[in-house]
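To start, the structure under review is shown below, and the notes come after it.
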There are 2 protein chains.
Amino acid sequence: MLYTVKEVSELAHVTIKTLHHYHKIGLLLPREVSEAGYRMYGQWELERLQEILFYKELDFSLEQIGELLAENVDRTAILAEQHRLMQSRQKRLTQLIITLEASLAAAKNGGTMNQADMFKGFGSEAEWREALEAQNQHLKENYGYDLAEQPIDVPKMNEQAAEAVRFMKGAAACLREGRRHDGPEVAQLIAEHLAFLQAHGHAIQPDDYAAQSRFFLGDDFHRSMLEAQQVGLAYYLCLAAEAYAAGSGSN
Amino acid sequence: MLYTVKEVSELAHVTIKTLHHYHKIGLLLPREVSEAGYRMYGQWELERLQEILFYKELDFSLEQIGELLAENVDRTAILAEQHRLMQSRQKRLTQLIITLEASLAAAKNGGTMNQADMFKGFGSEAEWREALEAQNQHLKENYGYDLAEQPIDVPKMNEQAAEAVRFMKGAAACLREGRRHDGPEVAQLIAEHLAFLQAHGHAIQPDDYAAQSRFFLGDDFHRSMLEAQQVGLAYYLCLAAEAYAAGSGSN
DNA sequence: GTAAAGCCTCCCCTAAGAGGAGGGTCAAGA
DNA sequence: TCTTGACCCTCCTCTTAGGGGAGGCTTTAC
């Protein structure tokens with residue numbers, strides 16, 4: 001039993017153009033070609049087509065699929081390589097989605113934010129205000145809380161932004177390295193962070209900080225920012241802050 | 001101060017070809033073009049280029065970027081649309097990785113292309129379910145080998161181990177994908193996990209599970225196991241379990 | 001015999017540039 | 001002033017996996 005291009009295209013849900021293409025690049029040859037030049041496919045070709053489509057679903061290129069379907073080939077290695085590729089692609093995609101969410105949150109409040117803007121220093125108070133505007137709007141709208149009335153000290157803000165980034169990076173490193181959330185390394189980091197904040201006019205106690213970290217978990221804007229730095233960081237920091245507060249309260 | 005293509009390409013880490021291209025399609029016009037036809041860019045153009053590159057990172061097409069950078073445009077809607085697109089892409093990618101793992105497992109065990117037969121007629125949900133099944137099978141076997149030396153009920157342990165691994169992978173995916181720890185996806189996972197445990201003779205309540213997750217944080221063995229699966233998972237799960245217990249307790 | 005459906009090949013098109021040919025321009029050193 | 005080398009230009013072709021269509025055969029049904 002032989003099938004015409006139309007029949008194959010309907011059986012396998014591909015277009016005739018695709019069959020032409022696979023013929024041209026030698027990936028799927030018809031069993032025979034009639035005198036009039038009509039392509040005729042047999043059962044074996046249909047099965048091969050299924051395999052081609054299967055690997056195509058896995059995002060292999062047609063060239064790779066040709067190799068995969070060849071004989072005497074290390075399929076395991078090719079599949080493993082593809083697995084690695086897809087995992088890195090997924091990682092990137094996740095970062096991208098997190099960044100999108102942060103941008104979306106900023107755009108909703110009328111600002112434009114790119115990640116670079118987020119932590120770079122600014123030259124003037126106006127610039128800082130502008131950068132913080134999105135965040136303020138977000139807080140005000142969702143939580144009835146307004147930060148905007150306080151005056152902004154430019155160098156101080158830059159310094160604080162830098163310190164915040166340093167702290168976040170340090171905490172992310174601890175998390176990646178498997179340090180306990182209630183361990184000494186993280187406690188040290190938090191202690192330094194709180195000391196810095198206190199030295200810069202924020203009367204923040206361990207309990208306040210723990211509450212703030214817990215609040216960040218539920219707030220898309222802040223959670224996205226932390227998760228963009230390192231997957232899991234928002235959760236780690238919350239638990240670490242609570243452990244720190246508990247520790248400093250009882251001692 | 002004007003910059004040549006070479007200078008811009010080095011400042012912004014793009015190729016000169018890219019600048020030519022953006023000029024041709026009208027996305028980034030030089031501030032001026034010299035008599036000899038040299039493209040010269042100013043500060044404003046550099047900033048616009050940064051924005052272009054930022055949106056390019058978010059996988060927007062150049063055409064979309066042009067629209068995004070136009071005035072009087074609903075950036076929020078475009079970003080939201082892109083967010084939806086990326087999430088569906090991520091969903092597909094996750095399925096794809098799972099299928100790849102199953103294929104890889106089959107290939108390692110000497111199964112050649114009959115593995116592909118398993119997923120033949122792809123596109124239907126039933127096939128993807130089959131893919132997941134194969135994946136579970138593989139994990140069960142591997143975990144079974146590890147535990148085989150201990151005097152335990154191997155088939156039963158295998159089944160439970162497989163379920164545990166599946167749960168862990170699901171939770172890790174949620175974490176990576178930025179799902180809230182108190183969101184519906186994770187709650188669903190935990191509910192299923194607890195239902196499975198209860199059906200297998202463990203009288204475990206949401207509160208017990210939350211306590212257990214909290215205990216895992218302090219236990220190096222369990223914490224390492226979770227963190228090996230995905231950085232931050234132990235902390236995420238603990239907070240998710242507590243949120244779940246709080247939710248199921250109050251309702 | 002004729003019309004409709006089906007098939008063929010050939011050509012151009014896509015997105016975002018990469019690579020290169022062939023030729024003009026600029027600045028520095030001899 | 002000449003030359004050399006770096007830099008720049010435009011124009012052309014190429015990449016993936018086919019899509020769209022033109023123009024022209026072939027097969028099938030009535």
Side-chain angles (χ1 to χ4, degrees), chain A residues 2-42 45 48-69 82 85-86 89 92 96, chain B residues 2-41 45 48-49 51-69 82 85-86 89 92 96 122-123:
Chain A
L2 294 179
Y3 304 90
T4 66
V5 279
K6 178 149 202 246
E7 288 162 342
V8 173
S9 81
E10 282 167 1
L11 282 168
H13 302 111
V14 296
T15 67
I16 294 173
K17 280 287 183 191
T18 299
L19 295 175
H20 287 177
H21 189 57
Y22 292 177
H23 186 184
K24 193 163 79 183
I25 65 174
L27 183 58
L28 180 68
L29 303 174
R31 167 150 294 266
E32 58 181 65
V33 176
S34 78
E35 294 219 348
Y38 284 26
R39 295 168 179 84
M40 305 303 289
Y41 298 86
E45 284 76 20
R48 182 171 167 107
L49 180 53
Q50 289 302 329
E51 287 174 36
I52 291 171
L53 295 175
F54 171 70
Y55 286 119
K56 199 153 79 78
E57 273 300 290
L58 295 185
D59 264 17
F60 282 100
S61 72
L62 298 186
E63 189 178 350
Q64 286 177 305
I65 293 173
E67 290 168 18
L68 273 163
L69 294 182
Q82 185 76 350
L85 189 67
M86 291 302 116
R89 196 180 285 181
R92 173 169 179 273
L96 193 155
Chain B
L2 294 179
Y3 305 89
T4 65
V5 280
K6 175 146 204 248
E7 287 162 342
V8 173
S9 80
E10 281 167 1
L11 282 168
H13 302 110
V14 296
T15 67
I16 294 173
K17 284 285 181 192
T18 299
L19 295 174
H20 287 178
H21 189 57
Y22 292 177
H23 186 185
K24 195 164 76 180
I25 65 174
L27 183 59
L28 181 68
L29 303 174
R31 166 149 296 265
E32 59 181 65
V33 177
S34 78
E35 294 218 348
Y38 285 25
R39 295 167 180 83
M40 304 304 288
Y41 298 86
E45 285 74 22
R48 182 172 166 103
L49 180 53
E51 288 183 73
I52 291 171
L53 295 176
F54 171 69
Y55 287 118
K56 198 152 81 77
E57 274 299 290
L58 295 185
D59 264 17
F60 282 99
S61 73
L62 298 185
E63 190 178 347
Q64 285 176 306
I65 294 173
E67 290 167 19
L68 274 163
L69 294 182
Q82 185 76 349
L85 188 67
M86 291 302 115
R89 197 181 286 182
R92 173 169 180 274
L96 193 156
F122 53 84

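Small disclaimer: the values here were computed from a predicted structure and weren't measured. Convention: sequence-line order gives letters A, B, ...; per-chain numbering from 1.
With D:dG18, D:dT27, D:dC8 as the candidates, the nucleotide lying closest to the side chain of A:Ala36 is D:dT27. Relative to the side chain of B:Thr18, the nucleotides D:dA17, C:dG17, D:dT27 differ in distance, and C:dG17 lies closest. Distances were taken from every side-chain heavy atom of A:Tyr22 (C-beta onward) to each of C:dG17, D:dT27, D:dG18; the shortest belongs to D:dG18.
Contact annotation: A:Lys6 side-chain N/O to C:dC8 OP1/OP2 distance is not under 4.0 Å. Look at B:Thr4 and you'll find a side-chain N or O under 4.0 angstrom from OP1 or OP2 of D:dC8. In this structure, A:His20 does not reach the D:dG18 phosphate: none of its side-chain N or O atoms is under 4.0 Å from OP1 or OP2. Within the 4.0 Å cut-off from OP1 or OP2 of C:dT25, not a single side-chain nitrogen or oxygen of B:Arg39 is found. For the pair B:Lys17 and C:dA18, the criterion of a side-chain N or O lying under 4.0 Å from OP1 or OP2 is not met. Here A:Thr15 reaches the OP1 or OP2 of D:dG19: one of its side-chain N or O atoms lies under 4.0 Å away.
Across all strands shown, B:Ile25 has no heavy atoms under 4.0 Å from either base or sugar-phosphate atoms. B:Lys24 comes within contact range of no nucleotide atom at all, as no heavy-atom separation falls under 4.0 Å.
Contact annotation: the side chain of B:Tyr41 approaches that of B:Leu28 to within less than 4.5 Å [non-hydrogen atoms, C-beta and beyond].
Across A:Gln82, A:Gln64, A:Arg89, a single residue satisfies side chain to side chain donor-acceptor pair (under 3.5 Å) together with A:Asp59, and that is A:Arg89.
Checking A:Tyr38 against A:Ser61, the closest nucleotide of DNA chain D that is more toward the 5' end is the one next to A:Ser61.
Put simply, CG on B:Asp59 is 15 Å from P on C:dA15, counting in whole angstrom units.
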